[in-house]
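To keep things clear, I will list the structure first and then write my remarks on it.
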Amino acid sequence: MPELPEVETVRKGLAKQLLGGAIENIDLRREGLRFPFPQELKERLEGSVIVSIDRRAKYLLIRMDSGFVWLVHLGMTGKFTLYHPNEKPSEFAKHDHVIVSMKDGTVATYNDPRRFGYMDLIKPDEEWTNRHLARLGCEPLSDDFDTANLCDKLKGKKNPIKIALLDQRIVAGLGNIYVCEILHRAGVSPRRLSSSIAGKNGKSTKMAKKIVDETKQVLREAIEAGGSTISDFATVDGDLGYFSHSFTVYGRDGEDCSKTNCVGIVSKIVQGGRSTFFCSKCQR
DNA sequence: AAAAGCCCCTGGACGC
DNA sequence: TGCGTCCAGGGGCTTT
């Protein structure tokens, strides 16, 4: 469930408490999540010190002093919960699959009912060849993601823009909710062909610029709000985010379009097997 | 090569 | 209260 802003919120929460700490023990309470846990995950991480916690797209990259990187994807329902040394849980909850015990007594549990999450262990200097990271497009909040970059990626594409923006090779970190919101803010129909947004002869379109601008804007707002919440996402501290109240189209089918002067009604369609919410009046 | 479809999994909401 | 059905924010993999 977590999209980029939520993962960013989790990253900050984890970093705040775990940075500089040494991992004493990792308890893998099942064989794996979506994929089996890497063979050496436990032994390579135990005893290591966490030197930084970064985010790439929706992945958490927990970097060790040994040069190894612990990659974590939260899937749809992955959640970390942190316990201070003096508030260790007496027993573990259902779906607590990974328990990380730090030398200072801090405990982090990874809970994931649907087990769509996954973990990988990246050897030193092998980040750029990792199967999850190698083909990712640029970070939407970086300067690399601009109108020219987007148009270049969309050039000649015959799929709907909604599908393209969900493709992590085009731009990395957007999910279903934020793509709906971005297209609504940008006034672009989710059904519009990607190639029509790319423009012709290297000339970009106003729609592409709107999409880029609104992408950065909505992500910044959501990160600011501490990530959004729908049903079962909580930040690493257990606090809920409030950005979900700011969704203008997601989950609002049947409601009046919230755009000033627009008299449309939000509708719900299915694209690529997933729900798209949009206003056919102001999104063209 | 690109696009479309399938699948992994549990739980909550809803209808009867 | 107890079913059955549908749906969920992701992405890797296979098929066309």
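On a predicted model such as this, the values are computed, not experimentally measured, just so you know. All chains are named by letter (A, B, ...) in the order of the sequence lines, taking the proteins before the strands, and each is independently numbered beginning at 1.
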For this session: Counting Watson-Crick and G-U wobble pairs whose two distances are both under 3.5 Å, find the runs of 3 or more in a row that involve DNA chain C.
Result: B:2-8 with C:10-16, B:10-16 with C:2-8
Exercise. Counting N and O atoms only, with roles assigned by atom type, does the side chain of A:Glu181 sit under 3.5 Å from a partner on the main chain of A:Val249, one being a donor and the other an acceptor?
Worked result: yes
Output side-chain donor-acceptor pairs under 3.5 Å for residues 41-55 of chain A, partner residues at least two apart or in another chain, one line each.
from	atom 1	to	atom 2	distance (Å)
A:Lys42	NZ	A:Ile26	O	2.8
A:Lys42	NZ	A:Glu46	OE2	2.7
A:Arg44	NE	A:Glu40	OE1	3.4
A:Glu46	OE2	A:Asn25	ND2	3.4
A:Glu46	OE2	A:Ile26	N	2.8
A:Ser48	OG	A:Arg44	O	3.2
A:Asp54	OD2	A:Arg63	NE	2.6
A:Asp54	OD2	A:Arg63	NH2	3.3
A:Arg55	NE	A:Glu8	OE1	2.7
A:Arg55	NH1	A:Ala57	O	2.9
A:Arg55	NH1	A:Glu139	OE1	2.9
A:Arg55	NH2	A:Glu139	OE1	3.3

For this session: Would you mind checking if A:Asp112 and A:Arg115 are paired as a salt bridge, meaning a charged N to carboxylate O distance below 4.0 Å?
Result: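 Judged by the 4.0 Å cut-off on N to carboxylate O distance, A:Arg115 and A:Asp112 do not form a salt bridge.
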For this session: Return the 5'-most residue of the pair A:Phe116, A:Gly272 with respect to DNA chain B, ranking by each residue's nearest nucleotide.
Result: A:Gly272
Counting just side-chain N and O atoms, does [X] come under 4.0 Å of either OP1 or OP2 of [N]?
| X | N | result |
| --- | --- | --- |
| A:Ser275 | C:dA8 | yes |
| A:Arg274 | C:dG9 | yes |
| A:Tyr118 | C:dG11 | no |
| A:His132 | C:dG12 | yes |

Atom [atom1] of [X] to atom [atom2] of [N]: distance rounded to whole Å?
| X | N | atom1 | atom2 | value |
| --- | --- | --- | --- | --- |
| A:His73 | B:dC8 | NE2 | P | 19 Å |
| A:Gln271 | C:dG10 | CD | C1' | 17 Å |
| A:Leu60 | C:dG10 | CG | P | 15 Å |
| A:Ile182 | C:dG9 | CD1 | P | 15 Å |

Problem set entry | Minimal non-hydrogen separation, A:Cys151 against A:Thr205, with atom names |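 Distance-wise, the nearest heavy atoms are SG-N, 4.3 Å.
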Could I get the full list of side-chain contact (heavy atoms from CB on, under 4.5 Å) partners for [X], not counting sequence neighbours?
| X | value |
| --- | --- |
| A:Ala148 | A:Asp146 |
| A:Tyr83 | A:Thr81, A:Glu87, A:Pro89, A:Val107, A:Thr109 |
| A:Arg29 | A:Asp27, A:Phe92, A:Asp96, A:Ile99 |

Exercise. Of the residues in residues 154-168 of chain A, which ones touch DNA chain B at a heavy-atom distance under 4.0 Å?
Worked result: A:Lys157, A:Lys158, A:Asn159
Exercise. Can you list every ring pair (Phe, Tyr, Trp, His ring centres under 6.0 Å) pair that touches residues 21-52 of chain A, not counting sequence neighbours?
Worked result: A:Phe35-A:Tyr118
Seminar exercise, completed: Residue pairs meeting salt bridge (charged side-chain N to carboxylate O under 4.0 Å, His left out), one or both in residues 255-273 of chain A, sequence neighbours left out, come to A:Arg252-A:Glu255
Problem set entry | Pairwise salt bridge (charged side-chain N to carboxylate O under 4.0 Å, His left out) hits with a residue in residues 188-210 of chain A, at least two apart |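 The answer is A:Lys209-A:Asp213, A:Lys210-A:Glu214.
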Problem set entry | Pi-cation contact, A:Phe116 with A:Arg114 (under 6.0 Å, within 45°) | yes
Exercise. Where along nucleotides 10-15 of chain B does protein come under 4.0 Å, by heavy atom, of base (B) or sugar-phosphate alone (S), with - for untouched nucleotides?
Worked result: BS----
Exercise. Will you find, in the side chains of A:Asp144 and A:Asn149, an N or O donor that is under 3.5 Å from an N or O acceptor?
Worked result: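 The criterion, which ignores hydrogens and geometry beyond distance, is not satisfied for A:Asn149 and A:Asp144.
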Problem set entry | Proximity to DNA chain C (any heavy atom under 4.0 Å), residues of residues 29-37 of chain A only |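 When residues 29-37 of chain A is checked for heavy atoms under 4.0 Å from DNA chain C, the hits, listed by number, are A:Arg34, A:Phe35.
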Problem set entry | Separation between the P atoms of C:dC6 and B:dC6, rounded to whole Å |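 The same atom, P, in both gives a distance of 15 Å.
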Problem set entry | Hydrophobic cluster of A:Ile269, others only, ordered by chain and residue number, side-chain cut-off 4.5 Å |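 Joined to A:Ile269, directly or through intermediates: A:Phe278.
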